Amino acid sequence: MKQQQFTCQLMDWHKRENERILPWKGEQDPYKIWLSEVILQQTRAEQGLPYYQAFIQKYPTIEDLAQAPDSEVFKLWEGLGYYSRCKNLLHTARYIVNELGGKFPVAYEAILSLKGIGPYTAAAISAFAYNLPHAVVDGNVFRVLARCFGIYAPVDATESRKIFTALANGLLDKEQPALYNQAIMDFGATICKPVNPLCSQCPQQNLCEAYLNGTINELPVKEKKMAKKMRWFTYFIFTVDDKTLVHQRIAKDIWQNLYEFYLVETDANSNWDNEKINEYLQNQFSIKDFYIKYISPFLSQQLTHQTIKAQFISVQLPHIPPMLQHYEWMNKQQMEQLAFPKIINEYRQSESFPAMLF
DNA sequence: AAGTCGGGGGG
DNA sequence: CCCCCAGACTT
């Protein structure tokens with residue numbers, strides 16, 4: 001039976017050749033498992049590793065996390081991306097502490113119902129923390145199964161999930177679900193890699209459809225290709241004495257809950273010269289008495305589905321204009337507590353080393 | 001079912 | 001430059 005052979009060869013590889021070491025491997029505390037899995041959603045292990053360690057050190061228990069202020073947790077998450085994960089993490093920590101007496105749910109369905117926990121993370125926690133027989137289906141598993149079993153169903157189609165999940169659960173070693181799940185993900189990450197997989201040293205050579213048919217580069221199949229948008233951000237950095245205007249992003253858009261400066265988004269690369277800035281400040285805020293300290297060129301940041309071009313215009317004001325009073329004005333020390341998008345931090349860093357300016 | 005949400009690393 | 005990553009949520 002091919003399925004049993006796959007599992008047998010996978011477990012054998014795991015026990016004898018898998019040398020991948022990560023701090024959450026073998027962990028059984030559901031809180032730590034949960035934290036690591038959320039951090040690792042759509043994130044490479046190497047990228048998430050320092051964040052995991054920082055979170056565990058600062059919040060050793062779920063009670064510690066639940067009691068922490070939002071801003072502090074977002075600051076710790078800063079730079080990791082997909083910030084709704086952080087919001088849901090806090091929400092669920094507080095829910096478990098306040099409504100469930102701090103006891104992490106044990107049943108798969110109960111775990112799945114928590115905010116920020118989907119099918120993958122629920123299976124991972126069930127298996128790693130409680131050794132329950134649920135197979136994880138992540139990007140690694142999609143790829144490994146598509147190749148080994150020659151599955152051409154597109155992995156990014158909702159309907160295909162059922163096929164892969166059913167197959168994954170059929171392959172699961174039900175005597176040791178935690179070990180099996182760890183094995184298949186490590187295998188996908190180190191041997192059956194997305195590009196240039198190490199087929200020459202692969203333990204599944206004898207049964208891998210893609211390898212035997214020479215179709216490794218065709219699998220897995222993806223069908224969606226998202227168009228990229230270009231967005232032009234002009235940030236006004238308004239300062240009055242030692243205070244700077246900041247604003248928390250609340251709209252349904254990128255970087256929700258993070259902070260930024262005063263933003264003007266335009267359709268195209270509009271040229272903000274002195275004259276246009278004068279006109280804008282007078283018309284919008286009735287500001288006349290100001291000093292333009294610096295106009296930066298556009299910095300660029302690539303996101304998955306959009307390219308951000310951001311420009312920074314530093315404007316010193318004699319006093320806080322009435323029309324900008326409802327914004328937050330913070331000094332340097334206060335600003336250090338806030339989480340900013342990467343492109344803003346890049347500018348802020350260059351700002352503190354004027355010699356390095358572009 | 002399709003769109004949206006970041007940032008880093010590798011080819 | 002493009003693709004992918006220990007996915008989940010919203011519409």
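So that the names make sense, note that chain A is the first sequence line, chain B the second, and so on, each numbered from 1. Scope of the values below: all heavy atoms of this structure, side chains included, with no hydrogens, waters or symmetry mates. These numbers come from a predicted model, not from an experiment.
No engagement by A/Glu46 is indicated, since no non-hydrogen atom pair under 4.0 Å with the nucleic acid exists. Base engagement by A/Asp186 is indicated by at least one non-hydrogen atom pair under 4.0 Å involving a base atom. Within 4.0 Å of A/Gly48, counting heavy atoms only, lies no atom of the nucleic acid at all. Residue A/Leu258 is out of contact with every strand shown, counting any heavy-atom pair closer than 4.0 Å. Residue A/Ile117 is in sugar-phosphate contact alone, with no base atom involved, counting any heavy-atom pair closer than 4.0 Å across all strands shown. Nucleic acid contact class of A/Asp253 (heavy atoms, under 4.0 Å, all strands): sugar-phosphate only. Heavy atoms of A/Ser36 sit nowhere under 4.0 angstrom from any nucleic acid atom.
For A/Trp255 and B/dG7, the shortest distance from a side-chain N or O to OP1 or OP2 is below 4.0 Å. Proximity of A/Lys222 to the phosphate of C/dC5: a side-chain N or O atom is located under 4.0 Å from OP1 or OP2. Neither OP1 nor OP2 of C/dC9 sits under 4.0 Å from any side-chain N or O of A/Lys252. Between A/Gln306 and B/dC5 there is a side-chain polar atom (N or O) within less than 4.0 angstrom of OP1 or OP2. Contact annotation: A/His305 side-chain N/O to B/dG3 OP1/OP2 distance is not under 4.0 Å.
Computed from coordinates, the A/Leu303 CG to B/dT4 C1' distance equals 11 Å when rounded to whole Å. Rounding to whole angstrom units, CD of residue A/Gln42 and C1' of B/dG6 are separated by 10 Å. Rounded to whole Å, the distance from CD1 on A/Ile254 to C1' on B/dG3 is 15 Å. When the P atom of C/dA6 is taken as reference, atom OH of A/Tyr52 falls 17 Å away, rounded to whole Å. If you take CZ of A/Phe142 and P of C/dG7, they are 10 Å apart, rounded to a whole angstrom. When the P atom of B/dG7 is taken as reference, atom OH of A/Tyr51 falls 9 Å away, rounded to whole Å. With rounding to whole Å, A/Lys224 atom NZ is found 11 Å from B/dT4 atom C1'. Atom pair A/Lys342:NZ and B/dG6:C1' shows a separation of 10 Å (rounding to whole Å applied).
Considering only the side chain of A/Gln182, C/dA6 comes nearest among C/dC4, C/dG7, C/dA6. Across B/dG7, C/dC4, B/dC5, the shortest atom-to-atom separation from the side chain of A/Thr304 is found for B/dG7. Of the candidate nucleotides C/dT11, B/dG8, C/dA6, B/dG8 has the atom lying nearest to any side-chain atom of A/Arg44.
A donor-acceptor contact under 3.5 Å is not formed by the side chain of A/Thr121 with the base of C/dG7. With hydrogens and angles ignored, no donor-acceptor pair under 3.5 angstrom links the side chain of A/Tyr120 to the base of C/dG7. At a cut-off of 3.5 angstrom, counting only N and O atoms as typed in the model, there is no donor on one side facing an acceptor on the other between the side-chain of A/Thr43 and the base of B/dG7. Side-chain atoms of A/Arg20 come within donor-acceptor range of the base of C/dA6, with a qualifying N/O pair under 3.5 Å.
Just one of A/Tyr280, A/Tyr235, A/Phe312, A/Trp232 meets the ring pair (Phe, Tyr, Trp, His ring centres under 6.0 Å) condition when paired with A/Trp272; it is A/Tyr280. Across A/Arg231, A/Gln301, A/Lys229, a single residue satisfies side chain to side chain donor-acceptor pair (under 3.5 Å) together with A/Gln306, and that is A/Arg231.
Pair assignment for B/dG9: C/dC3, on the basis of Watson-Crick or G-U wobble contacts that are both within less than 3.5 Å.
A residue-by-residue look at A/Gln47 and A/Gly118 shows that A/Gln47 has its nearest nucleotide of DNA chain C further toward the 5' end. Nearest-nucleotide positions on DNA chain C for A/Asn88 and A/Leu40 put A/Leu40 closer to the 5' end. Between A/Thr158 and A/Leu80, the residue anchored nearer the 5' end of DNA chain B, judged by the nucleotide with its closest heavy atom, is A/Thr158.
Using a 4.5 Å heavy-atom cutoff, the side chains of A/Ile216 and A/Cys199 are in contact. Within the 4.5 Å cutoff, side-chain heavy atoms of A/Tyr120 are placed close to those of A/Glu37. Looking at heavy atoms from C-beta onward, A/Ile237 lies out of side-chain contact with A/Val315 at the 4.5 angstrom threshold.
At least one test fails for A/Arg147 against the ring of A/Tyr211: distance under 6.0 Å to the centre or angle within 45° of the axis.
The cluster map of Ile, Leu, Val, Met, Phe, Trp and Tyr, joined by side-chain heavy atoms under 4.5 Å apart, puts A/Val106 and A/Leu112 in different clusters.
Going from the P atom of B/dG6 to that of C/dT11 covers 15 Å, rounded to whole Å. Here the separation of C/dA6 from B/dG3, taken at their C1' atoms, is 23 Å to the nearest Å.
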